[in-house]
Amino acid sequence: MADLQLSGREAPAVAQDGVWLACIECGQAFAPFAEVIYRCADCGGLLEARYGEYPTWTDFSGRGVWRYAAALPFDSGVSLPEGDTPLYEVPGLREDLDLRALRVKHEGMNPTGSFKDRGMTVGVRVAEEVGVSRLACASTGNTSAALAAYGARAGLETLVLLPTGKVAAGKLAQAAIHGARVLEVEGNFDTCLDIVSDLANRGEAYLLNSLNPFRLEGQKTIAFEILEDFREEYGAVPDRICLPVGNAGNTAALYKAFRELVESDSLAADEMPKLTGVQTDGAAPLVEAIESGNEAIERWDAVETKATAIRIGNPVNAPKALPGIRETDGTAISVSDREVTAAQRALAEEGIGVEPASACSLAGLRKLRERGVVDGDERVVCLTTGHLLKDPDAAAAAGSDPEPVPGDTESVLDHLAE
Ligand SMILES: *Cc1c(COP(=O)(O)O)cnc(C)c1O
Ligand SMILES: [Zn+2]
């Protein structure tokens, strides 16, 4: 079982400015910026950023991701700027689901249209610190869009590996216009990540997938924003946060934010919102692990879903995310593509436009509510991860068809009267 305890950790000799990397499996500590490292050199375990001190609420000031600099390895970075996303009220859905409170945190409102920007502003800052010239990622689309934009802004070369034919049009267009070199790989996302990890290990590029522990540092700010907004609004933190799961980076990042707040006595351990991961039936290895009580995930070689952002069979951050779901008393559930589309439409009826993967959070919540797993007394946040326009084809297919009419007012009136 991964060791995710933060308490009682003294800064090791390798720490730089009070920051170090620790292996979550064997505990070995590594210098964070002196060398490029993505996994434990001793056992191959995942790495986690650790600090000599963890911030309290009053240490936060300013706006966006960098408001939370006290919880990040640097004070600023290449910024477009990101974060400060809306926590929408959804009265119709709240009533329909019969919940005490329901809010939608729309991460599609970030500069490139997904939460990936939060991780990228920190990740690119670290890349500058370690002094690399080429950034790279494997992507189901949104990571490549963010990498291309932030890399361009930083004046760094960017390389992205995508699964051929499985990336939504909007995301591909973003990577292209921001000047990334885009390689279409025969195979799925997991194949792309295997290759780009090899390239990174050979020193060919700096890896900015969520295997990179600093990406997750940036993504912690989603949790900080939700908790700050909620405390202001309700005087309490939410009971539950539902989110789509691909590589499980966000699940891991939210859990890390909670642990840091507990560490600084800013949150009680039994107050941590229940992390509730949602996947689709065609790509649900994490749900399988939670349902079967397995310690580790079994890789799914064949995955298929219309929610292309989470078409992932080998969630790389599972060793960090599974304990997060279990320790917060959360759960995981899978939904069908049809349920995803229904949830995408339901959000659209509230004026909120999200891409298919993002709608999973609501689809999963509905299912858990129907099964009685989620109580009506709960205050819940659904995280929507990407913007509607990321996947215009899915949006058009989920919406109603345009109606052809002749080009004169009388015909239009006749048509409307039909
Ligand atoms: C990347 C992404 C996800 C998956 O997030 P993980 O942190 O990998 O679990 C979900 N939805 C969208 C829109 C994404 O871009
Ligand atoms: Zn190790």
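All ligand and atom numbering here is 1-based and tracks the order in the structure. Throughout, numbering of the chain's residues begins at 1 and tracks the sequence. Keep in mind that the numbers below use all heavy atoms, side chains included, and drop hydrogens, waters and symmetry copies.
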>> If we check salt bridge (charged side-chain N to carboxylate O under 4.0 Å, His left out) with E48, which of these qualifies: K220, K320, R259?
In response: R259

>> Below 4.0 Å, non-hydrogen atoms only: which portion of I310 touches ligand 1? Side chain, backbone, both or neither.
In response: side chain

>> One residue to check: E355. Relative to ligand 1, which of side chain, backbone, both or neither has a non-hydrogen atom less than 4.0 Å away?
In response: side chain

>> I want to know whether Y38 and F30 have ring centres closer than 6.0 Å.
In response: no

Considering only heavy atoms of [X], which atoms of ligand 1 have at least one such atom less than 4.0 Å away?
{"X": "G386", "answer": "13 (C)"}
{"X": "V245", "answer": "9 (O)"}
{"X": "N142", "answer": "12 (C), 13 (C), 14 (C), 15 (O)"}

Checking the N or O distance criterion of under 3.5 Å, is ligand 1 in contact with [X]?
{"X": "A248", "result": "yes"}
{"X": "Q219", "result": "no"}
{"X": "T385", "result": "yes"}
{"X": "N250", "result": "yes"}
{"X": "N247", "result": "yes"}

> Can you tell me which residue and heavy atom of the protein come closest to atom 5 (O) of ligand 1, and the distance to 0.1 Å?
Replying inline: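 The answer is F115 CZ, 3.4 Å.
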
> Among protein heavy atoms, which lies nearest atom 2 (C) of ligand 1, and at what distance?
Replying inline: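 Heavy-atom neighbour on the protein nearest atom 2 (C) of ligand 1: K116 NZ, 2.5 Å.
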
> Between E355 and K171, what is the shortest heavy-atom contact and its length?
Replying inline: OE1-NZ, 2.7 Å

> What is the minimum heavy-atom distance between L147 and L135, and which atoms define it?
Replying inline: CD1-CB, 3.7 Å

> Would you say R103 and V90 make side-chain contact, with heavy atoms under 4.5 Å?
Replying inline: no

>> Would you say CD of E298 has more than 12 non-hydrogen atoms from neighbouring residues, nucleotides or ligands within 6.0 angstrom?
In response: no

